[in-house]
Protein chains: 2
Amino acid sequence: MAERKLPGRNHDHAACMADALRRAERLCYERGAQLTPIRRRVLELIWTDHRPYGAYELLEKLQAERGRVAPPTIYRALDFLLVHGLIHRIESLNAFVGCPRPSDCSAGQFFICDGCGVTAEIADKALAQRIDGAALELGFTVSQRIVEIRGHCRRCHLPEQDEAPVL
Amino acid sequence: MAERKLPGRNHDHAACMADALRRAERLCYERGAQLTPIRRRVLELIWTDHRPYGAYELLEKLQAERGRVAPPTIYRALDFLLVHGLIHRIESLNAFVGCPRPSDCSAGQFFICDGCGVTAEIADKALAQRIDGAALELGFTVSQRIVEIRGHCRRCHLPEQDEAPVL
DNA sequence: GCCGGAGCGTTACAATATAACATCCGCTCT
DNA sequence: AGAGCGGATGTTATATTGTAACGCTCCGGC
Ligand SMILES: [Zn+2]
Ligand SMILES: [Zn+2]
Ligand SMILES: [Zn+2]
Ligand SMILES: [Zn+2]
């Protein structure tokens, strides 16, 4: 079932982000991976809130702090964070979101609000299994399950006006 | 359950494609939509086989037949075909694949072979419902379900060498 | 005839992503 | 110490994907 929720009114995001950074440091330490200043800072920027950030959005923020930074710098940091499961790529947005559970995130599913951008990751094992079952029937070997559910969170659930998404 | 299969050894693709074109013509006729020569040709190109085609790949083919064609031409045709459900966009590939069931494809799920590119669309209602159930728990209103399963079809199911995907 | 909308041509550009090569720095081996 | 190596980053240029904006044509209704 749903194992995580959309961050609500009383969400302590400062703590949420601090936790995420601590988990990242720990995980990198355990793996002997280097969470360098740039990589760490990109991860922090992504954890600014719970919405996906585009590479060039992150690039601008990094440039604001450090002067000229070229695209490869960002993409390399993102690659590192992706490889270690610290972030996920949202394919339908070309954007990246922090993973709240880097150690066990092989079966994540994303709910993305097209109003405010807030994105929740859940890990519904039964859903993943149902997908694997369908794959089996097809004789298909699964290597990656991309599940991105677009819609509106409770706060943004209005009579569907056209919107300029905050994304 | 799985309602469609990966096209097998005895798949008569000429007939498969002819059917798809007939369905498209019929559906456009019923809706008073114009399946113009360009739109029809783009649809045919997409149905060349069962793998997703990128916009610029289609553009090149169209240019080969008609001389200079600019990107907006392709994207406009793709928009039309998408709006009418005749094709789907594969977000994780920035590419487009024909819909085998244009009249009833709100809940499609895609299995995409990273070896040969072959893509199968199934319509597992229970899977869609499970997603909607999780959404309900989150207080989330679903508008689009993106389910793209990457992996290997039976024919391409080898001991996982690195590959230059045909995609 | 005139208008209005759909379709398409054309130009320019925006947004996203990568290739290729250079530099730096810390480490190990000798 | 000096050579050599690998990982991280800097730098430049370019590839790939997608849109904005404007104008022309055709066709059907009035
Ligand atoms: Zn938070
Ligand atoms: Zn929202
Ligand atoms: Zn076929
Ligand atoms: Zn295959």
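Every chain is numbered from 1, with letters handed out A, B, ... down the list of sequences. Note that the structure is a prediction, hence the values are computed from the model and not measured.
Between A/Phe96 and A/His88, the ring center distance fails the sub-6.0 Å criterion.
Distance B/Leu93 CG to D/dT17 P: 10 Å, rounded to the nearest Å. Rounding to whole angstrom units, CD1 of residue B/Ile90 and P of D/dG18 are separated by 13 Å. Rounded to an integer number of Å, the gap from A/Leu58 CG to C/dA17 C1' is 14 Å. Between A/Ile38 atom CD1 and C/dC25 atom P there is a gap of 14 Å when expressed in whole angstrom units. In this structure, the CD atom of B/Glu57 is 18 Å from the P atom of D/dA15, given to the nearest Å. Rounded to an integer number of Å, the gap from A/Leu35 CG to D/dA8 P is 11 Å. The interatomic distance linking A/Arg68 (CZ) with D/dA13 (C1') rounds to 17 Å, in whole Å. For the pair B/Leu78 CG and C/dG7 P, the computed distance is 15 Å after rounding to whole Å.
Judged by a 6.0 Å distance limit and a 45° cone about the ring axis, B/Arg76 is not positioned over the six-membered ring of B/Phe80. For A/Arg31 and A/Tyr29, the positive end is not near the middle of the six-membered ring at less than 6.0 Å and at most 45° from its axis.
Evaluation of atom-type donor-acceptor distances gives no pair under 3.5 Å for the side chain of B/Arg66 against the base of C/dG9. Residue-to-nucleotide contacts include no donor-acceptor pair under 3.5 Å from the side chain of B/Arg76 to the base of D/dG18.
Remark: the backbone N or O of B/Gly151 is not paired with any side-chain donor or acceptor of A/Gln144 at under 3.5 angstrom.
Ion pairing of B/Arg150 with B/Glu148 is absent here, as no side-chain N (NZ or NE/NH1/NH2) approaches a carboxylate O to less than 4.0 Å.
Within the nucleic acid shown, A/Arg41 has no heavy atom closer than 4.0 Å to any nucleic acid atom.
Using a 5.5 Å limit on the distance between ring centres and a 30° limit on the angle between planes, the aromatic ring of A/Tyr56 counts as stacked on the six-membered base ring of C/dT16.
Candidate nucleotides C/dT16, C/dC8, D/dA8 were compared by shortest atom distance to the side chain of A/Thr36, and D/dA8 ranks first. Listed nucleotides: C/dA17, C/dT10, C/dA20. Nearest to the side chain of B/Ala70: C/dT10. Here the side chain of A/Arg39 is nearest to one of C/dT16, D/dA8, C/dT10, namely D/dA8. Distance from the side chain of B/Thr73 is smallest to C/dG9 among D/dG18, C/dG9, C/dA17. For B/Tyr75, counting side-chain heavy atoms from C-beta on, the closest listed nucleotide (C/dT18, C/dG9, D/dG18) is D/dG18.
Along DNA chain D, the nucleotide nearest B/Asn94 and the nucleotide nearest B/Pro72 are compared for position; the residue whose nucleotide lies closer to the 5' end is B/Asn94.
Not one side-chain nitrogen or oxygen of A/Gln34 sits closer than 4.0 Å to the OP1 or OP2 atom of D/dG7.
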